[in-house]
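Step one of this worksheet: look at the structure below.
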2 protein chains.
Amino acid sequence: MPATLRDVARLAGVSPSTVSRALSTPAVVNAATRARVQAAAERLGYQPNRAARGLITGRTGNIGLVVPDLANPFFPSVVKGVQARARQSDVAVFLADTDEDAVEEVVLVRALAKQVDGLILCSPRASEEDLVAVAQETNVVLVNRLVEGVPAVTFDNEGGMRQAIAHLVALGHRRIAWVGGPKTSWSSAHRIIGLYAAANDNGVALLEVGHFAPTYDGGMAAADQAVATGATAVVTYNDLVAIGLLARLHARGISVPDDLSVVGIDDIAMSRMTRPALTTVRLPKQKAGQIAVELLLAVLDDPDPDTIIGTRGTLHGELIVRDSTGVASDPARP
Amino acid sequence: MPATLRDVARLAGVSPSTVSRALSTPAVVNAATRARVQAAAERLGYQPNRAARGLITGRTGNIGLVVPDLANPFFPSVVKGVQARARQSDVAVFLADTDEDAVEEVVLVRALAKQVDGLILCSPRASEEDLVAVAQETNVVLVNRLVEGVPAVTFDNEGGMRQAIAHLVALGHRRIAWVGGPKTSWSSAHRIIGLYAAANDNGVALLEVGHFAPTYDGGMAAADQAVATGATAVVTYNDLVAIGLLARLHARGISVPDDLSVVGIDDIAMSRMTRPALTTVRLPKQKAGQIAVELLLAVLDDPDPDTIIGTRGTLHGELIVRDSTGVASDPARP
DNA sequence: CACAACACTGCAAGCGATTGCAGACTCAGC
DNA sequence: GCTGAGTCTGCAATCGCTTGCAGTGTTGTG
């Protein structure tokens, strides 16, 4: 039913090969012919059949995007960034949600790999070995995870943590608690490194309160332990955790920021809607998605390993001060 | 690099056609041969090339999913449902986000249509005519929107609204405000119908306060007008709007539910995290995604228009009572 | 004016699968 | 023992497009 290359060729009075060239390698065909072909294509509303093209070129024009959990508002933002950038380059994106399951993730990735030119793995939960293996079979770009030899776009965790600590220190905080994310989380591990560095530089005591699910309930679970540390401020793995923490603190009658300051990370939309509104480190999530696509496109055009190693983006966060942080309470008071 | 049909054929000592049949129409080939072929395929890790198959069968094994805005937590839930169900049937899903733009939506749909066997349009913003046109060119299933002759899965808006009103009436409310969604929203239009029906049956005065963006800011904007109606309770287009409304009410020192009760619709994850936690009508969002896939799959298998007309799912909502609703305040008091 | 260089265009061979048609073989029935 | 039905299997065409190679026509140069 839809017009084929032959139809265009017939209408333009040229051979199919000429049509093909006129459309995909315009430079190589005579200007007059090209115009005729383009007019014909236009008139017929010709759209090349992707399957046929893919069959011969080996490229599908599709990319895959794998995220751990769409219900976590962090990821939809990244997805939007990917979508928008991909559309500009006329590539379609397959989306897959792994439900935070590292095993499922690898299975899904393998399945998707066959149907796409490349994959963007956002905050993958899989092991480093698995990721390296996958990266060898397919074109892969990582987001929010760094693995030797695999192109990636990450956030400057250390810088973000430094901003958070500097802010808290300026408010007089000297004992700061850290609520960690999942044990296997790459970003959780790296955030704490930045945190220690900043804490050391500022003479601040950092109190770790363990690992929690990156969710509202995780935050609820962490709250009491965070309070028990005697810290005057707490930094959490992400905003969702901070929001859960806020809820539990309120339930216990602990006032934020009067008794305790809270800082999140991500700046999801919800964070400005809480009471008090959450101070947080804003991560350029959409931007990350966008850059990831650009990286992937670059890799596809030039799969030279040497070039790839260099292609790595680090995005900087920005401290957003809202109402959940205030001057340190007198630790002697309560 | 990957094994092809020929490779399998060579290894099994049969012709490619036999391999093809052994794998996709097992019944038609001799048991012994079939076993040999399957063993060979297994050993080579053979995976049929989708592009090649698609070229000849005209089916891609992919479906497209179009949503207005992933940043609205309602949609990720639907997407998850679609994903999960699609994966079971080994179909991949293309995701597209239209940014709430009706024009962009149609463009995107047309572009996607070429690469998929069918489309799921979730809460489409496009006009009825456009949707009908698209449905004629492609296999389409609608979610949260009804258009004559197009298979769809929708929510029982009337039933949901009845539950909300019944709840409020039981609490003594007799003047109830309605904060509408976007003018072009199908569900907004249908919710108000249900609302009027329920209001009439219960001798309740329904006060409309106009149309607002389906967002937190929309809710903020609507709050003062809702208060000005003198209603003792307000029902909003969705939870996001309710949450924005809650925030504005709090800023104005209006207590919920003491001074005013608030009911949302959707039950997004955020709704249990607000203060007070939001009473709302829970919509089975994931389920909707799942059913939509099943409908689409059914349509693909049997594109007979007569069958299609019948295939229509209505999902029922469930009132979730939390803390934003209480007994009606004495209207004379303020 | 002859010849080389160049710019276009067309032919035809695939890419990897599916499928209609016909040939080969088996087996039952007479 | 021969025919006909029935069961498998293989041949070859085809889906729509890309691309190496060869052929044609044009232009420039000596």
Side-chain angles (χ1 to χ4, degrees), chain A residues 1-41 44-62 90-92 113-117 300-301, chain B residues 1-41 44-62 90-92 113-117 300-301:
Chain A
M1 191 98 278
T4 76
L5 198 66
R6 298 175 98 86
D7 299 329
V8 179
R10 207 171 307 135
L11 182 59
V14 297
S15 80
S17 17
T18 302
V19 175
S20 173
R21 281 187 275 252
L23 264 25
S24 43
T25 333
V28 83
V29 32
N30 181 289
T33 332
R34 189 196 317 152
R36 206 140 39 88
V37 169
Q38 284 170 343
L44 264 42
Y46 170 72
Q47 295 281 130
N49 177 318
R50 294 212 179 206
R53 172 180 293 174
L55 190 52
I56 187 159
T57 62
R59 300 217 359 197
T60 61
N62 302 329
D90 197 32
V91 330
K114 308 225 155 41
Q115 310 183 49
V116 299
D117 297 336
L300 294 180
D301 282 344
Chain B
M1 192 98 276
T4 77
L5 198 67
R6 301 175 95 85
D7 299 330
V8 178
R10 206 170 309 137
L11 182 59
V14 298
S15 82
S17 17
T18 302
V19 175
S20 173
R21 282 187 275 252
L23 265 25
S24 44
T25 333
V28 82
V29 29
N30 180 290
T33 329
R34 189 197 317 150
R36 208 141 38 88
V37 169
Q38 283 170 342
L44 264 41
Y46 171 72
Q47 295 282 130
N49 178 317
R50 294 214 179 203
R53 171 180 294 174
L55 189 52
I56 188 155
T57 62
R59 294 205 19 185
T60 62
N62 303 328
D90 197 32
V91 330
K114 309 228 152 43
Q115 310 181 49
V116 299
D117 298 334
L300 294 181
D301 282 344

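Chain identifiers are assigned alphabetically (A, B, ...) following the order of the sequence lines, protein sequences preceding nucleic acid strands; residue numbering begins at 1 within each chain.
For A:Arg10, the salt bridge (Lys or Arg N to Asp or Glu O under 4.0 Å) partners are A:Asp7, not counting sequence neighbours. Here A:Arg50 pairs with A:Asp90 under the salt bridge (Lys or Arg N to Asp or Glu O under 4.0 Å) rule; sequence neighbours left out. For A:Leu5, the side chain to side chain contact (heavy atoms under 4.5 Å, CB included) partners at least two apart in sequence or on another chain are A:Pro16, A:Val19, A:Ser20, A:Tyr46.
How far CG of B:Asn62 is from CD of A:Gln115: 5.5 Å, rounded to the nearest 0.5 Å.
Running 5' to 3' along DNA chain D, contacts with non-hydrogen atoms of chain A at under 4.0 Å begin and end at D:dG16 to D:dG20.
The shortest heavy-atom contact between B:Leu55 and A:Ala51 is N-CB, 4.3 Å.
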Worksheet entry | Nucleic acid footprint by protein, nucleotides 15-27 of chain C - heavy-atom cut-off 4.0 Å, B for base, S for sugar-phosphate alone | BBBBBB-------
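The main-chain N or O of B:Thr60 is found under 3.5 Å from a side-chain atom of B:Asp117 such that the two form a donor-acceptor pair.
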For residues 28-40 of chain A, which side-chain N or O atoms pair as donor and acceptor with protein atoms under 3.5 Å away, sequence neighbours left out?
residue: A:Asn30; atom: OD1; partner: A:Ala32; partner atom: N; Å: 2.8
residue: A:Arg34; atom: NE; partner: A:Pro26; partner atom: O; Å: 3.3
residue: A:Arg34; atom: NH2; partner: A:Val29; partner atom: O; Å: 3.2
residue: A:Arg36; atom: NH1; partner: A:Ala12; partner atom: O; Å: 2.6

